[in-house]
Amino acid sequence: MHNHELEKSQANTVDFGNETVSPLEKTKKVHDVFSRVASQYDLMNDLMSFGFHRIIKQVAVEMTGLASGDSVLDLAGGTGDISKKLHEVVGSQGTVILADINEHMVSVGRDRLIDSGIGGVKASIANGEQLPFQSNTFDSVITGFGLRNMTHKDQALLEVLRVLRPRGIFIVLEFSQPDSQHLSELYRMFQAFWPIVGKLLVGDSKPYKYLIESIEKHPSKQALELMMQDAGFINTRFVDLLGGIIAIHRGQK
């Protein structure tokens with residue numbers, strides 16, 4: 001294969017955990033993973049974050065700076081727990097849209113919100129790389145544990161910037177890598193149990209194996225901040241939580 005042909009071939013492949021696949025194949029594989037774990041997704045996050053993800057999501061919501069009557073997009077919002085918190089902030093006069101590419105996740109999220117007595121959150125099956133919303137629509141966009149699974153993160157960042165209103169805030173809540181080598185080793189030992197527990201929860205260990213690999217492949221905190229800046233976000237910063245196991249990034253349009 002000539003050099004230019006090799007470069008073209010590499011440009012048309014992406015990571016799915018430790019596998020190298022086509023972009024289309026990754027989208028399908030990620031869809032299949034979350035279809036299988038949709039009903040146990042929150043329990044999975046409890047497992048991976050030592051149960052702290054609910055508190056951390058509240059911190060992320062507060063970092064949006066939203067107020068009553070504002071408009072917000074919960075991107076890759078899955079089971080809707082962040083949407084519930086957002087609705088409590090913007091109120092009935094505001095707008096919350098729960099968007100996810102996976103219809104199974106959206107269904108679980110919509111049902112849980114209705115069961116909680118919240119009927120005002122709008123649900124949308126949407127690809128983060130091609131958002132079906134007009135430009136300058138939202139006061140804030142937040143994604144919790146979703147950017148990591150997107151095939152073309154750079155394109156998703158551009159789309160988020162597009163749909164944000166001027167001075168709008170983007171929040172990324174995502175698993176990261178601990179700064180301490182000792183904590184990193186302990187966390188890897190802890191992760192080794194995820195596929196075992198996954199087998200017990202959903203009868204399949206593969207989704208949990210992928211999640212471990214996807215965290216390892218996700219850009220570092222510093223790299224993600226640079227990606228946000230390259231996309232056009234200003235006033236970027238990030239905060240570490242749980243010793244760096246989780247990070248929250250913030251950027252402004």
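Worth saying up front: this structure is predicted, and the values here are computed from it rather than measured.
- Checking side-chain atoms of T79 against main-chain N and O of G109 turns up no donor-acceptor pair under 3.5 Å.
- For A223, the side-chain contact (heavy atoms from CB on, under 4.5 Å) partners at least two apart in sequence or on another chain are P219, S220.
- A 4.5 Å side-chain heavy-atom check between L173 and I142 finds every atom pair outside the cut-off.
- Put simply, NZ on K206 and NZ on K209 are 9.5 Å apart, with the number rounded to the nearest 0.5 Å.
- When hydrophobic clusters are built by joining Ile, Leu, Val, Met, Phe, Trp and Tyr residues whose side-chain heavy atoms come closer than 4.5 Å, directly or via intermediates, L226 is not grouped with L158.
- For the pair I97 and T95, the minimum side-chain heavy-atom distance is below 4.5 Å.
- The two residues S83 and L113 make their nearest non-hydrogen contact at CB-CD1, 4.2 Å.
- Looking at V90 and V96, their side chains come closer than 4.5 Å, going by heavy atoms from C-beta outward.
- Heavy-atom contacts from other residues, nucleotides or ligands closer than 6.0 Å to CD of Q222 number more than 12.
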TODO: Show your working on side-chain contact (heavy atoms from CB on, under 4.5 Å) between F233 and Q229 and close with a plain yes or no.
DONE: CA-CA 5 Å; F233 289 95; Q229 292 171 356; 5.9 Å; no
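- Connection of L211 to L186 is not established within any shared hydrophobic cluster, with ILVMFWY side chains joined at heavy-atom distances below 4.5 Å, either directly or through further cluster members.
- In this structure, the side chains of V61 and I82 come closer than 4.5 Å at one or more pairs of heavy atoms.
- Clustering ILVMFWY residues whenever any of their side-chain heavy atoms sit less than 4.5 angstrom apart, transitively, puts I55 in the very cluster that holds F145.
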Open item on the list: Using side-chain contact (heavy atoms from CB on, under 4.5 Å), reason through L66 and D139 one step at a time and then give a plain yes or no.
Closed with: CA-CA 7 Å; L66 288 165; D139 296 295; 4.1 Å; yes
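- In this structure, the separation between CG on L86 and OG on S140 is 7.5 Å, given to the nearest 0.5 Å.
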Considering only distance and modelled atom types, tabulate donor-acceptor pairs under 3.5 Å from the side chains of residues 241-253, sequence neighbours left out.
from, atom 1, to, atom 2, distance (Å)
H249, NE2, K221, O, 2.9
R250, NE, M63, O, 3.0
Q252, OE1, N235, ND2, 2.7
Q252, NE2, R167, O, 3.2
K253, NZ, N136, OD1, 2.8
K253, NZ, L161, O, 2.9
K253, NZ, R162, O, 3.4
K253, NZ, L164, O, 2.6

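- The shortest side-chain heavy-atom distance between R165 and F138 does not fall under the 4.5 Å cut-off.
- R188 and S184 share a side-chain donor-acceptor pair at under 3.5 Å.
- Of the possible donor and acceptor atoms, none in the side chain of E129 sits under 3.5 Å from a partner among the backbone N and O of A156.
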Open item on the list: Test side-chain contact (heavy atoms from CB on, under 4.5 Å) on M150 and L75; report intermediate values, then the result.
Closed with: CA-CA 11 Å; M150 294 184 190; L75 181 58; 3.9 Å; yes
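- Smallest separation of non-hydrogen atoms from V106 and S124: CG2-O, 4.0 Å.
- Smallest separation of non-hydrogen atoms from D154 and M227: N-CE, 4.2 Å.
- How far NZ of K217 is from CD1 of I212: 14.0 Å, rounded to the nearest 0.5 Å.
- Aromatic ring pairs are classed by plane angle as parallel below 30°, tilted from 30° to 60° and perpendicular above 60°; the pair W194 and F175 is tilted.
- In terms of modelled atom types and a separation under 3.5 Å, the side chain of S116 and the main chain of I118 share no donor-acceptor contact.
- F170 is not listed as a side-chain neighbour of T64, based on a closest heavy-atom distance of 4.5 Å or more.
- The two residues V160 and L131 come nearest to each other via the heavy atoms N-CD1, 4.2 Å.
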TODO: List the steps and the verdict of side-chain contact (heavy atoms from CB on, under 4.5 Å) for I215 and Q191.
DONE: CA-CA 11 Å; I215 292 172; Q191 287 177 322; 4.1 Å; yes
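- Rounded to the nearest 0.5 Å, atoms CZ (F193) and CG (L200) are 12.0 Å apart.
- Annotation for S214 and R148: closest pair OG-NE, 2.8 Å, computed over non-hydrogen atoms.
- Annotation: the span from D179 atom CG to D240 atom CG amounts to 5.0 Å, rounded to 0.5 Å.
- Between H218 and K153, the closest side-chain pair of non-hydrogen atoms falls below 4.5 Å.
- With hydrogens and angles disregarded, no donor-acceptor distance shorter than 3.5 Å links the side chain of T137 to the backbone of F133.
- Between K84 and E88 there is a salt bridge, with a side-chain nitrogen of the basic residue lying less than 4.0 Å from a carboxylate oxygen of the acidic one.
- Between E159 and G128 the shortest heavy-atom distance is CB-O, 3.6 Å.
- Looking at K57 and D81, a side-chain N of the basic residue comes within less than 4.0 Å of a carboxylate O on the acidic one, giving a salt bridge.
- For the pair D70/V89, no side-chain contact is recorded, criterion being any heavy-atom separation below 4.5 Å from C-beta on.
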